[in-house]
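All residue numbers refer to positions in the sequence shown, counting from 1.
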Amino acid sequence: MTSPGDLSSCSGAIQLLITGTAVSGSPLRTVQLQYSGSLQLPLCKALANGLQKTFPGATISAADRQQTGADLTLRFVEQNQAADWISGSLAWQHSDGRSGQGPVIEQSVMDGQLTADDLSDFAGKLLQHTEFPL
């Protein structure tokens, strides 16, 4: 379980202010990553980095509960997690009320524990295979 200090570290680490336009020309200005205590700090950071690439014109933030004002809120929905395996999907909610969930993605290793690079790859797959409301 993630400690309160880790949650604030994740939030502080991914407060990103970026200028430009979103990939699809979307008017998204704020994207919030909502995470629970079970979300590992490396996965939180990996998702934030992926969101920065997916929505380069948006402000990306993280919080342990939904906050008002975000154009798009994303939440990792964990299915299973072990030292060598993780599976889950991304659920999203747009400020206009639309919501959805991407497919369940799985990442595992056979010769050890999941590393930050493995989680980064997993986060990229989650973002790649989730259809966002743009």
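- Note that CG of L47 is 6.0 Å distant from CG of L90, once rounded to the nearest 0.5 Å.
- One finds the CD atom of Q52 at 11.0 Å from the OG1 atom of T59 (value rounded to the nearest 0.5 Å).
- L72 contributes atom CG, which lies 8.5 Å from atom OG1 of T30 (distance to the nearest 0.5 angstrom).
- Taking CG of L114 as the start and CD of Q81 as the end, the distance is 8.0 Å to the nearest 0.5 Å.
- When every heavy atom of I60 is checked against every heavy atom of A48, the shortest pair comes out as CG2-O, 4.4 Å.
- Defined by atom type and a distance below 3.5 Å, a donor-acceptor pair is missing between the side-chain atoms of Q107 and W85.
- For the residue pair Q34 / T73, no side-chain donor-acceptor distance below 3.5 Å is found, with atom types taken as modelled.
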Let's go through S108 and D84 carefully: what are the C-alpha distance in whole Å and the side-chain angles of both, what is the deciding distance for side chain to side chain contact (heavy atoms under 4.5 Å, CB included) to 0.1 Å, and is it a yes or a no? CA-CA 5 Å; S108 64; D84 62 348; 5.9 Å; no
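- One distance of note links CH2 of W92 with CZ of R98; it measures 6.0 Å at 0.5 Å rounding.
- The backbone N or O of D118 sits nowhere less than 3.5 Å from a side-chain atom of D121 that would complete a donor-acceptor pair.
- When all heavy atoms of I105 and F122 are compared, the closest pair comes out as O-CE1, 3.3 Å.
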Carefully, step by step, assess I86 and N80 under the rule side chain to side chain contact (heavy atoms under 4.5 Å, CB included). CA-CA 6 Å; I86 188 169; N80 292 295; over 6 Å; no
If you apply the rule side chain to side chain contact (heavy atoms under 4.5 Å, CB included), what do you find for L33 with L51, and how did you get there? CA-CA 9 Å; L33 173 60; L51 287 169; 4.2 Å; yes
Checking S120 against D117 for the side chain to side chain donor-acceptor pair (under 3.5 Å) test, could you report, in this order, the C-alpha distance in whole Å, the side-chain angles of both residues, the deciding distance, and whether it holds? CA-CA 5 Å; S120 181; D117 286 340; 5.9 Å; no
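- Here the closest heavy-atom approach between residue H129 and residue P103 is recorded as O-CD, 3.1 Å.
- S95 OG to R29 CZ: the interatomic distance, rounded to the nearest 0.5 Å, is 8.5 Å.
- L43 and A123 make their closest contact through CD1-CB, 4.1 Å (heavy atoms, listed as atom of the first residue, atom of the second, distance).
- The shortest non-hydrogen separation linking G88 to L126 is O-CD2, 3.4 Å.
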Would you please test V77 and R75 for side chain to side chain contact (heavy atoms under 4.5 Å, CB included) and show each step? CA-CA 6 Å; V77 180; R75 182 174 50 87; 3.4 Å; yes
